[in-house]
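Residue numbering restarts at 1 for every chain, and letters A, B, ... go by the order of the sequence lines.
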Number of protein chains: 2
Amino acid sequence: MSELTSQDAVQDEALQQRLRDAGLRPTRQRLALAELLFSKGDRHVSAELLHEEAVAVGVPVSLATVYNTLHQFNQSGLLRAVSVDSTKTYFDTNTSDHHHFFIEEENRVVDVPASHITVSDLPEPPQGMEIARVDVIVRLREKG
Amino acid sequence: MSELTSQDAVQDEALQQRLRDAGLRPTRQRLALAELLFSKGDRHVSAELLHEEAVAVGVPVSLATVYNTLHQFNQSGLLRAVSVDSTKTYFDTNTSDHHHFFIEEENRVVDVPASHITVSDLPEPPQGMEIARVDVIVRLREKG
DNA sequence: ATTTGTGCAAATCGTTTGCATCTGA
DNA sequence: TCAGATGCAAACGATTTGCACAAAT
């Protein structure tokens with residue numbers, strides 16, 4: 001059962017470890033979703049899209065499980081939720097400190113190239129509060 | 001019918017004009033909602049809250065009309081929609097250029113004091129795109 | 001064996017829409 | 001008069017939940 005020596009098997013092991021490190025059991029579904037999420041570079045996916053992809057590659061997860069999984073990944077730091085347009089939630093596989101472009105016409109989220117954008121002159125937070133994170137959304141429109 | 005000389009009547013006229021200037025008929029409901037929105041300083045309201053307030057002061061608008069009205073006000077520049085948490089839309093009566101604090105525990109949006117926050121080193125937008133707006137959300141948590 | 005995850009369908013929540021009725025200019 | 005506005009209830013899309021079943025340690 002553990003005799004495979006292909007790249008796939010090696011990658012599987014890595015993903016399994018990654019899930020374990022996050023405190024999550026490496027189940028079939030979670031592994032499949034993790035692979036879709038993390039083996040194609042940085043992505044910004046919606047639950048619906050991820051669900052479609054999973055079904056397409058022959059892993060018939062339920063939509064509910066996709067939602068559960070995305071939230072678990074988000075909580076354990078494997079993903080980061082991005083709030084841009086109040087109708088859908090997008091999950092970003094890039095968890096490092098960065099900001100986003102949002103193309104309204106296409107409902108698409110894109111990372112701002114690293115190290116760009118400097119936010120300075122931040123105000124004092126109100127009494128007893130501290131800054132958890134600063135999100136910058138650069139909204140784009142077609143040049144006209 | 002137009003013999004009132006109280007402050008209320010004067011304010012009503014001002015609101016009526018404001019709606020007319022925005023290209024909207026000053027109907028009973030729109031006037032009532034405008035008054036709730038614009039006579040208490042800067043506010044960040046959800047459709048649900050505004051609806052409750054209207055009913056509370058004896059103006060039984062329907063929720064659908066509240067949504068319509070908020071969107072019309074948004075489109076005509078009287079309000080500005082703020083996307084912070086993907087579940088609800090908040091409308092900001094302050095339409096000037098400014099940014100927001102968001103207190104996650106309480107689901108509350110607060111203006112960042114004017115003139116604070118400088119965003120610099122903005123990246124080039126992708127081909128054929130231009131920057132429509134830059135939104136900064138400073139997410140706050142309780143200090144602990 | 002026990003704990004944790006999964007699937008399904010139903011429920012929920014915010015928001016939108018269709019359509020008959022009303023109302024302001 | 002009559003375009004535009006409103007209310008209601010039904011429709012909607014994204015997300016959550018309850019619970020019986022299945023899989024992982």
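- Salt-bridge check for A:E105 with A:R141: failed, with every basic side-chain N at 4.0 Å or more from each acidic carboxylate O.
- With values rounded to the nearest 0.5 angstrom, A:L140 atom CG is found 9.5 Å from A:R108 atom CZ.
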* Under 4.0 Å protein heavy-atom contact, by nucleotide of nucleotides 2-10 of chain D - B base, S sugar-phosphate only -> -BSSSBB--

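- By the 6.0 Å contact criterion, CZ on B:R28 is open, its count of non-hydrogen atoms from other residues, nucleotides or ligands being 12 or less.
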* To do: I would like to know whether B:I117 and B:V138 meet side chain to side chain contact (heavy atoms under 4.5 Å, CB included); could you show each step before the answer?
  => CA-CA 10 Å; B:I117 297 194; B:V138 180; 4.0 Å; yes

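- Contacts between residues 76-85 of chain B and DNA chain C, counted as heavy-atom distances below 4.0 Å, involve no residue at all.
- DNA chain D is contacted by no residue of residues 46-59 of chain B, taking any non-hydrogen atom closer than 4.0 Å.
- Judged as a ring pair (Phe, Tyr, Trp, His ring centres under 6.0 Å), and not counting sequence neighbours, the contacts of B:H100 are B:H44, B:H98.
- Counting only heavy atoms from C-beta outward, the side chains of B:I137 and B:R139 approach each other to under 4.5 Å.
- The CG atom of A:L63 sits 14 Å away from the P atom of D:dG13 (whole-angstrom rounding).
- OP1 and OP2 of D:dT16 both lie 4.0 Å or more from every side-chain N or O belonging to A:Y67.
- In the 5' to 3' direction, nucleotides of DNA chain C lying under 4.0 Å from heavy atoms of chain B begin and end at C:dG14 to C:dA25.
- The closest side-chain heavy-atom distance from B:E13 to B:Q17 is not below 4.5 Å.
- Residues that satisfy the ring pair (Phe, Tyr, Trp, His ring centres under 6.0 Å) test with B:H71, not counting sequence neighbours, are B:F91.
- What you find for B:R43 and B:E53 is that their closest heavy atoms are NH2-OE2, 2.7 Å.
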* Could you check A:V45 against A:T93 for side chain to side chain contact (heavy atoms under 4.5 Å, CB included), going step by step and ending with a plain yes or no? => CA-CA 8 Å; A:V45 302; A:T93 61; 5.8 Å; no

